[in-house]
Number of protein chains: 2
Amino acid sequence: MPRVAKPKPAKTPVEPRRRDAAATRQAILNSARKAFAAHGYDGAGLREIAANAGVTAMLVNRYFGSKEGLFEAAIDDAMSDASVIRKGMPDLDSLGAYLAAGVLETTRPDVTPLDGSLMMVRSGSTTNPRVIEIGRKQIEKMHLKTLAAALGGDNAAERAALILSLIAGVQVMRQMIHLTPLAKTSPATLQKLLAPVIQQLADGA
Amino acid sequence: MPRVAKPKPAKTPVEPRRRDAAATRQAILNSARKAFAAHGYDGAGLREIAANAGVTAMLVNRYFGSKEGLFEAAIDDAMSDASVIRKGMPDLDSLGAYLAAGVLETTRPDVTPLDGSLMMVRSGSTTNPRVIEIGRKQIEKMHLKTLAAALGGDNAAERAALILSLIAGVQVMRQMIHLTPLAKTSPATLQKLLAPVIQQLADGA
DNA sequence: CTCATAAGTATACGATCGTATACATCAGGG
DNA sequence: CCCTGATGTATACGATCGTATACTTATGAG
C-alpha cells in the first residue's frame with residue numbers, strides 16, 4: 001500500500017459557482033480550515049482542499065501564493081471568529097466552567113470543527129518550521145494575550161499558557177488519540193472534573 | 001519548493017556494524033523512536049530512520065514488516081522503559097510535584113527525548129487510523145491503567161485521562177508550538193504552577 | 001575450507017506531493 | 001457587440017514516499 005488509502009469521492013458534487021473571486025476565496029478558506037483541522041498541515045493536500053472548494057489546486061496557489069500562505073490565511077480566518085476564547089468571556093469566577101464547556105463542546109469525538117487552535121495542534125508536528133511560527137504567533141496574539149489579560153495577577157501569561165495547554169491536551173487525547181475515558185464518558189461528568197482544574201489556574205496561587 | 005528542505009548529512013558517519021541481527025534491530029528501533037518523536041508518524045521517513053541506524057530502508061521492512069509494524073515495535077519499546085509514568089511512582093500526595101517535574105524535564109525545549117507518549121502526541125494527526133489505534137492501546141495499557149490504579153477513588157480513569165491530557169498539552173505547547181511562556185519561563189516557576197493542578201486531579205473531587 | 005543461509009544492498013515502481021508554465025473561458029466596460 | 005483582463009483549468013515536472021523484486025556479501029556450522 002503506497003502512502004495511504006484514498007476513497008475520496010467528495011461529499012457533495014460541488015455545483016459550479018458563478019465566477020466570483022471573493023466567494024471563491026472564502027470557499028477555499030473554509031475548505032482549508034476543515035482540512036488543516038482534520039489532518040494537520042502536512043496531512044492536508046492542496047488537491048483535496050481545492051476539490052472540496054470546487055476548484056483546482058492551482059487556483060489555490062493563485063489566491064494565496066503557496067501552501068504556507070494558505071495556512072496563514074486560514075488560521076487567521078479561523079482565529080478571528082469561531083474560537084472558545086475571545087468571544088465574550090464571562091467573569092473570572094465562572095471562567096473554569098465556561099472554558100471546560102467550550103473545550104468539551106468543540107472536541108466532541110464525532111465532529112471536526114473549524115477551530116483555529118485545533119488546526120494548530122494538529123499541525124504542530126509539521127516539518128516546516130515557518131508553519132509553526134505562523135501558528136504560534138496567532139495563538140499568542142489571539143488566545144494567550146486575551147486570556148492572560150483576563151486573568152491578571154502573578155504569572156498571568158504562564159497560567160494562561162497552562163490553561164491553553166490543558167485545552168490543547170484535551171483536544172489531542174479526545175479527538176486525535178480517542179482516549180477511551182475522554183471519548184466515552186459523558187460531557188457532564190468530564191465538565192465536573194475539568195472545570196475546577198481550569199478555575200484553579202485562573203485564580204492563581 | 002517541493003515537499004520540504006532536506007539538509008540531512010547524518011550527524012555521525014555511522015561506522016559499519018559487524019553483522020548482528022539483534023544489535024541492528026535495536027539500532028533501528030532507537031532511530032525510529034527518535035524520528036517518530038521528532039516528526040510524527042507521517043513526517044518520519046523510512047530512509048531517514050534507516051540511514052541514522054546505518055542501514056538501508058529495505059532492511060527496516062525486513063525486520064518489522066512495514067512502517068506500521070516498525071511504529072508498533074518502536075512505541076512498545078519506548079513505553080517499556082523511558083516514561084515518566086510507571087517507573088516507581090511516589091506516594092499519592094506528592095504525585096503532582098513528581099509528574100510536573102517529569103513532564104518539564106522530558107519536554108525541555110531544546111532536546112527531543114525518546115519518550116513514547118511524545119511519539120504518540122506527535123503522531124496523533126496521522127492519516128492512518130491503525131497507527132492511532134496502536135498508540136491509543138499502548139497509552140491506555142501502559143499509562144492510563146497504571147495511573148488510574150495509583151489514583152483510586154471516583155472517576156479514577158477520567159481523572160487519570162485528564163492528567164495525561166494536561167501532560168500531553170504541555171508537551172504540545174512547549175515542544176511543538178514553542179509557546180513563549182512555556183519555552184522561556186524557568187522550569188522552577190512552571191513547576192510551582194503545574195504541580196498543584198496535577199495534584200488536584202490526583203486527589204479527586 | 002566450503003558453502004548454505006542469514007544479513008544487508010541496489011534498483012525500480014507506482015503513487016502523491018507542491019507548484020511552474022501554458023492554455024481556456026467567462027464577465028463587464030468601451 | 002467585442003475584446004481585454006480577470007478567473008479558472010490542464011498538464012507536466014521533479015522530488016519523496018512506502019515497498020516489492022532481485023541481487024550481493026559475510027558468517028558460522030560441518
Side-chain angles (χ1 to χ4, degrees), chain A residues 1-8 14-28 31-32 35-36 39-74 123 126-128 130-131, chain B residues 1-8 14-29 31-32 35-36 39-74 123 125-128 130-131:
Chain A
M1 173 189 22
R3 290 284 182 149
V4 77
K6 273 279 171 164
K8 281 281 165 63
V14 183
E15 79 281 8
R17 199 182 8 263
R18 184 176 168 78
R19 289 195 174 186
D20 178 342
T24 299
R25 194 188 143 93
Q26 192 58 50
I28 294 174
S31 177
F36 285 136
H39 310 122
Y41 179 80
D42 290 336
L46 281 186
R47 286 174 175 82
E48 170 201 352
I49 292 173
N52 286 337
V55 299
T56 57
M58 269 319 294
L59 201 61
V60 176
N61 268 0
R62 289 247 304 206
Y63 273 75
F64 299 98
S66 66
K67 191 183 183 182
E68 263 181 49
L70 173 65
F71 183 80
E72 185 161 17
S123 301
T126 179
T127 36
N128 186 332
R130 274 200 294 258
V131 169
Chain B
M1 175 188 21
R3 290 288 183 149
V4 76
K6 272 279 173 167
K8 280 283 165 60
V14 183
E15 78 280 10
R17 198 181 9 264
R18 185 175 167 79
R19 287 194 176 186
D20 178 342
T24 298
R25 195 187 142 93
Q26 192 57 50
I28 294 173
L29 277 181
S31 177
F36 285 136
H39 311 122
Y41 180 80
D42 290 335
L46 281 186
R47 287 174 175 82
E48 170 202 353
I49 292 172
N52 286 337
V55 298
T56 57
M58 269 321 294
L59 200 63
V60 176
N61 268 1
R62 290 246 304 206
Y63 274 76
F64 299 98
S66 65
K67 191 183 183 181
E68 263 181 48
L70 173 63
F71 183 80
E72 184 160 17
S123 301
S125 56
T126 181
T127 37
N128 186 331
R130 273 201 295 257
V131 169

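Letters go in sequence order (proteins before strands), and every chain restarts at 1.
Applying the side-chain hydrogen bond (donor to acceptor under 3.5 Å, both in side chains) criterion to A:S31, with sequence neighbours excluded, gives no partner residue.
Atom CG in B:N61 sits about 14 Å away from atom P in C:dT9, given to the nearest Å. We find that CG of B:L46 is positioned 14 Å from C1' of D:dA20, with the value rounded to whole Å. Taking atom CE of residue B:M58 and atom P of nucleotide C:dA10, one finds them 13 Å apart after rounding to whole Å. Taking atom CZ of residue A:R25 and atom P of nucleotide D:dT7, one finds them 12 Å apart after rounding to whole Å. In this structure, B:H39 atom NE2 and D:dT16 atom C1' are separated by 15 Å, rounded to whole Å. In this structure, A:F71 places its CZ atom 16 Å from C1' of C:dG18, rounding to the nearest Å. With rounding to whole Å, B:E68 atom CD is found 8 Å from D:dT19 atom P. In this structure, B:R47 places its CZ atom 12 Å from C1' of C:dA10, rounding to the nearest Å.
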query = Does the pair A:R25 and A:I28 meet the rule for a side chain to side chain contact (heavy atoms under 4.5 Å, CB included), with working shown?
reply = CA-CA 5 Å; A:R25 194 188 143 93; A:I28 294 174; 5.8 Å; no
Candidate pair A:T24 and A:L59, rule side chain to side chain contact (heavy atoms under 4.5 Å, CB included), full reasoning = CA-CA 9 Å; A:T24 299; A:L59 201 61; 4.0 Å; yes
task = Given side chain to side chain contact (heavy atoms under 4.5 Å, CB included), test A:F36 with A:I49 step by step and report yes or no.
result = CA-CA 9 Å; A:F36 285 136; A:I49 292 173; 4.1 Å; yes
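Under a 3.5 Å cut-off, the side chain of A:K67 and the backbone N or O of A:Y41 do form a donor-acceptor pair.
Within the nucleic acid shown, B:A44 comes within 4.0 Å of sugar-phosphate atoms alone, with no base atom in reach, counting heavy atoms only.
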Check: protein-nucleotides 4-8 of chain C nitrogen or oxygen pairs below 3.5 Å:
residue : atom : partner : partner atom : Å
C:dA7   : N7   : B:R62   : NH2          : 3.0
C:dA7   : N3   : B:R19   : NH1          : 3.2
C:dG8   : OP1  : B:T24   : OG1          : 3.0
C:dG8   : OP2  : B:Y63   : OH           : 2.6
C:dG8   : N7   : B:R62   : NH2          : 3.0
C:dG8   : O6   : B:R62   : NH1          : 3.4

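Scanning both residues, B:T127 and A:G43, for their nearest heavy atoms gives CG2-O, 4.5 Å.
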